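Encoded as structure tokens, the structure appears first; notes follow it.
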Amino acid sequence: MNFMRAAAAILQRDIRRLLRRRGQWTQPLMFFVMVVVLFPFALGSGEITASIVPAVVWTAMLLATTLSLEEIFRSDFDDGSLDQLALSPHPLPLLLLAKAIAHWLTALLPLILMAGALARALNLAPTPLWTLLVTLLLGTPVFSLVGTLASALTIGLRGGALLLALIVMPLYIPVLIFGAGAVNNAALGLPTSGEMFFLAGLAVLAATLAPFAAAAGLRSRLS
Amino acid sequence: MFASWHKYASLMHFHALSQRVSPWCFGLSAVLFAAGLIGGLGLAPTDYQQGESFRIIYVHVPSAWLSMFAYIVMATAGALSLIWKVKLGEVIARACAPLGASFTALALVTGALWGKPMWGTWWAWDARLTSELLLLFLYLGYIALQAAIDDRRAAARAGAVLALVGVVNIPIIHYSVEWWSTLHQPATITKLGAPSIATSMLIPLLLMAFASQVFFFAVLLVRTRCEILEFERHTQWVKALVGRSSMPTVIA
Amino acid sequence: MANTSAGVPKSLEAVKLSCVRGDRLVFEALEFTLVPGEVLQLVGANGSGKTSLLRLLSGLALPYAGTVRWDGRDVHQQRLFWHRNLCVIGHLSGVSASLTARENLAVAVALGAGGLHANVVEALGVVGLSTCIDTLAARLSAGQRQRIALARLVMSKAPVWLLDEPLTALDLDGKRLVESLLRTHTSRGGLAVLATHQPVDSSNLNVRNFQLRGVGSE
């Protein structure tokens with residue numbers, strides 16, 4: 001199982017590296033909080049009603065994720081590690097899956113915890129709050145997987161961050177629909193299993209296909 | 001059979017073939033457009049609910065169909081180039097994107113124009129229009145990615161990956177948007193495609209759809225030709241071709 | 001495929017290689033065959049395509065036309081097979097600044113450099129970094145970071161080395177280190193393609209020069 005060892009090494013390296021760059025992992029978190037804080041100002045009333053909390057949280061989540069995507073490959077590309085990754089005799093899709101998992105653990109897991117805390121502070125009732133956390137746990141892996149793919153396609157391009165956002169956002173919309181939809185349903189006391197199944201299905205689909213597409217995209221960018 | 005197909009996959013042969021075929025396609029589409037427009041705008045009866053405004057379907061529906069079809073062509077060409085390294089796939093995919101985006105934009109604009117008399121507003125978050133809008137975003141993302149990468153082959157490969165990802169995503173986006181719109185605005189939309197569309201309305205629609213399809217291929221052939229010339233600009237045959245013609249050229 | 005039998009020495013062949021970058025034809029119909037024990041030194045001005053050629057050979061970039069064969073097999077078709085036989089030092093070192101020397105090499109080993117039982121500490125000793133094994137690469141000099149990359153060569157059991165400007169930032173001692181690594185490698189039947197602007201001491205080394213001329217832009 002040499003290739004599993006390789007994937008584990010990539011996972012460990014990415015996490016270790018992020019923790020060493022003090023403060024970097026907190027930046028998406030701060031961005032997330034700021035986007036949420038923008039809403040009361042824009043709404044004028046100074047109050048976010050419980051009914052728009054799912055929309056606010058999911059939108060902020062999507063934006064914060066998009067902001068964090070560029071870092072997935074940036075430093076690897078700059079120092080040449082990415083070439084070494086692509087030159088490894090182990091399957092590249094597996095190594096990129098490890099990178100997507102590392103991104104989820106370092107960038108999105110803290111965001112999910114923060115989202116839960118913020119939603120509670122914004123008076124989301126316990127039932128929809130739990131639904132929110134479950135949908136985030138099911139939906140954000142799709143963000144990481146598809147984000148890794150989009151990030152691979154835009155490695156080293158000028159205006160890469162904006163282009164990346166342009167490419168990735170349409171692909172995120174189904175997750176947004178089902179994620180926020182489930183929480184809205186839960187708040188109204190309606191069943192949420194349909195959305196949950198969809199989210200789980202999307203996660204499985206993304207986990208099986210996105211790494212292969214990411215590998216193909218990465219190779220095209222390194223050529 | 002395979003040998004002859006392979007011959008047309010070579011860019012030079014495809015260039016020559018396309019030069020011969022595209023005028024016929026333009027001619028055929030012009031005839032079909034004329035027939036379809038006469039049938040649709042002149043002969044078809046006025047809709048008893050929507051009045052004359054329904055006639056926009058003769059532009060709207062074919063462009064909506066083609067917006068999807070063009071994406072499938074683009075993704076198929078992309079797959080050919082990515083998996084089987086067919087160079088023709090690279091140029092076709094690249095030539096296809098702006099065309100598909102144009103048809104998508106046309107479908108959106110005509111949809112909005114139709115929406116004004118029907119819904120009383122230019123834009124409604126109707127499932128079809130919304131997924132059409134997202135399709136436009138997919139096209140624009142593809143075009144932006146192509147524009148950002150200098151090297152043609154690298155751009156083609158990255159674009160092919162994105163087009164394939166998009167093709168997997170289009171049904172997902174479509175169904176999720178449908179799911180979302182039925183939840184949010186149940187039955188506020190009178191749907192087109194009423195079960196019984198009069199034959200005299202349907203035939204012009206099919207004619208227009210076919211005309212648009214042929215027109216799409218004609219323009220695609222021309223655009224592909226331009227892409228081939230740019231793609232192969234350092235080859236002998238392109239230099240010979242460009243040198244021979246009276247084109248004002250700054251390439252050489 | 002017929003010539004892959006054990007008795008025939010494995011060779012690296014470039015067959016009618018052409019490379020296009022953007023709108024520029026970098027080189028065209030390039031040919032060479034490299035047998036074990038040989039070092040091919042790529043010579044040419046900036047922009048003549050040394051790095052492009054090395055990336056083509058490594059399998060990272062696709063050729064515009066032509067093939068690269070190792071042991072008779074097209075390397076772009078059989079990438080994983082090729083990468084098992086390959087060690088590459090790129091013009092970027094591939095050393096991560098926020099990892100220590102040891103951690104950097106551990107990742108390289110996990111990614112397949114030098115086999116499972118490679119001794120990271122020993123390799124770092126050979127390249128003269130035994131005093132800074134657990135120092136962050138960010139705190140090391142450019143030359144020391146290059147030495148971390150060279151430690152991959154020390155551990156490598158791959159028969160083919162592709163080295164793009166391996167002498168960058170190295171002192172005289174470092175240059176000698178690279179030369180001795182190359183000598184050991186070729187004496188064991190390895191071969192290498194090397195791009196460098198500095199003359200290499202070719203005593204005990206079978207170095208062949210390969211001139212790259214830019215075809216020129218259109």
Side-chain angles (χ1 to χ4, degrees), chain A residues 1-25 71-96 98-99 102 106 152 155-158 212 215-223, chain C residues 19-21 51-52 54-64 75-76 78-100 103-116 136-138 142 145-146 148-149 152 158 160 162 164-165 168:
Chain A
M1 298 315 253
N2 286 348
F3 58 85
M4 290 312 285
R5 217 176 81 123
I10 292 296
L11 182 66
Q12 187 194 17
R13 179 197 69 166
D14 275 20
I15 293 173
R16 178 181 279 159
R17 214 165 47 174
L18 198 86
L19 293 180
R20 283 204 185 139
R21 291 187 201 137
R22 268 170 234 287
Q24 199 187 0
W25 65 278
E71 283 304 318
I72 296 180
F73 291 115
R74 161 84 74 75
S75 58
D76 278 349
F77 179 71
D78 288 345
D79 66 23
S81 307
L82 207 51
D83 286 347
Q84 293 301 326
L85 199 71
L87 287 168
S88 163
H90 300 300
L92 188 57
L94 189 76
L95 303 179
L96 295 184
K99 283 195 77 76
T106 53
I155 292 168
L157 292 178
R158 59 194 130 76
F212 290 94
L218 180 66
R219 292 212 185 277
S220 81
R221 287 305 306 134
L222 292 180
S223 70
Chain C
C19 171
V20 174
R21 303 290 298 172
T51 295
S52 295
L54 282 170
R55 288 182 82 81
L56 275 189
L57 295 177
S58 72
L60 281 177
L62 286 177
Y64 181 77
V75 303
H76 292 94
Q78 308 193 22
R79 212 184 268 122
L80 296 188
F81 156 77
W82 174 226
H83 289 165
R84 270 195 295 276
N85 288 291
L86 190 62
C87 186
V88 178
I89 306 284
H91 70 285
L92 295 169
S93 61
V95 172
S96 179
S98 37
L99 296 182
T100 65
E103 287 162 350
N104 264 303
L105 278 192
V107 171
V109 169
L111 282 181
L116 279 178
L136 282 183
R145 266 182 259 174
Q146 185 65 17
I148 299 180
R152 291 210 311 268
V160 184
L162 303 177
D164 192 357
E165 300 290 353
T168 308

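Residue numbers start from 1 in every chain, and the chains themselves are labelled A, B, ... in the order their sequence lines are given, proteins ahead of strands. The shown structure was predicted, so the numbers you read here are calculated from the model rather than taken from an experiment.
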Handout entry: Engaged part of C/Val95 at the chain A interface, taking heavy atoms whose separation is under 4.5 Å
Key = backbone

Fill in the blank from the handout: Minimal heavy-atom distance between C/Ala110 and A/Ala6, with the atoms involved, is O-CB, 3.2 Å

Practice task
I would like to know whether C/Thr168 and C/His91 meet side chain to side chain contact (heavy atoms under 4.5 Å, CB included); could you show each step before the answer?
Solution key: CA-CA 8 Å; C/Thr168 308; C/His91 70 285; over 6 Å; no

Problem - Interface moiety of A/Leu82 toward chain C, non-hydrogen atoms closer than 4.5 Å - result: neither

Problem - For chain C, the option from A/Arg219, A/Arg21, A/Gln12, A/Arg13 that forms the most heavy-atom pairs under 4.5 Å - result: A/Arg219

Completion exercise
Given A/Ala9, A/Ala86, A/Ser220, A/Ala8, the one with more heavy-atom pairs under 4.5 angstrom with chain C than any other is A/Ala86

Handout entry: chain A contact via C/Leu56 - side chain, backbone, both or neither, heavy atoms under 4.5 Å
Key = neither

Practice task
Select one option (side chain, backbone, both, neither) describing which atoms of C/Arg55 are under 4.5 Å from chain A's heavy atoms.
Solution key: side chain

Handout entry: Backbone of C/Leu111 reached by a side-chain donor or acceptor of A/Ser88 within 3.5 Å
Key = yes

Problem - Student check: side-chain heavy atoms of A/Asp83 and C/Val88 closer than 4.5 Å - result: no

Problem - Residue selection (most heavy-atom pairs with chain A, distance under 4.5 Å) from C/Ser96, C/Gly90, C/Ala61, C/Ser93 - result: C/Ser96

Handout entry: Evaluation steps, side chain to side chain contact (heavy atoms under 4.5 Å, CB included), between A/Leu96 and A/Ile10
Key = CA-CA 9 Å; A/Leu96 295 184; A/Ile10 292 296; over 6 Å; no

Problem - Carboxylate-amine/guanidinium contact A/Asp76 A/Lys99, below 4.0 Å - result: yes

Practice task
Could you tell me the separation between the CG atom of A/Leu87 and the OG atom of A/Ser81, rounded to the nearest 0.5 Å?
Solution key: 11.5 Å

Problem - Portion of C/Leu99 that has a non-hydrogen atom of chain A nearer than 4.5 angstrom - result: both

Exercise for the section: Measure distances from A/Leu95 to the heavy atoms of chain C and classify the residue's part below 4.5 Å as side chain, backbone, both or neither. Expected result: side chain

Handout entry: Side chain, backbone, both or neither of C/Arg79 within contact of chain A (heavy atoms, under 4.5 Å)
Key = side chain

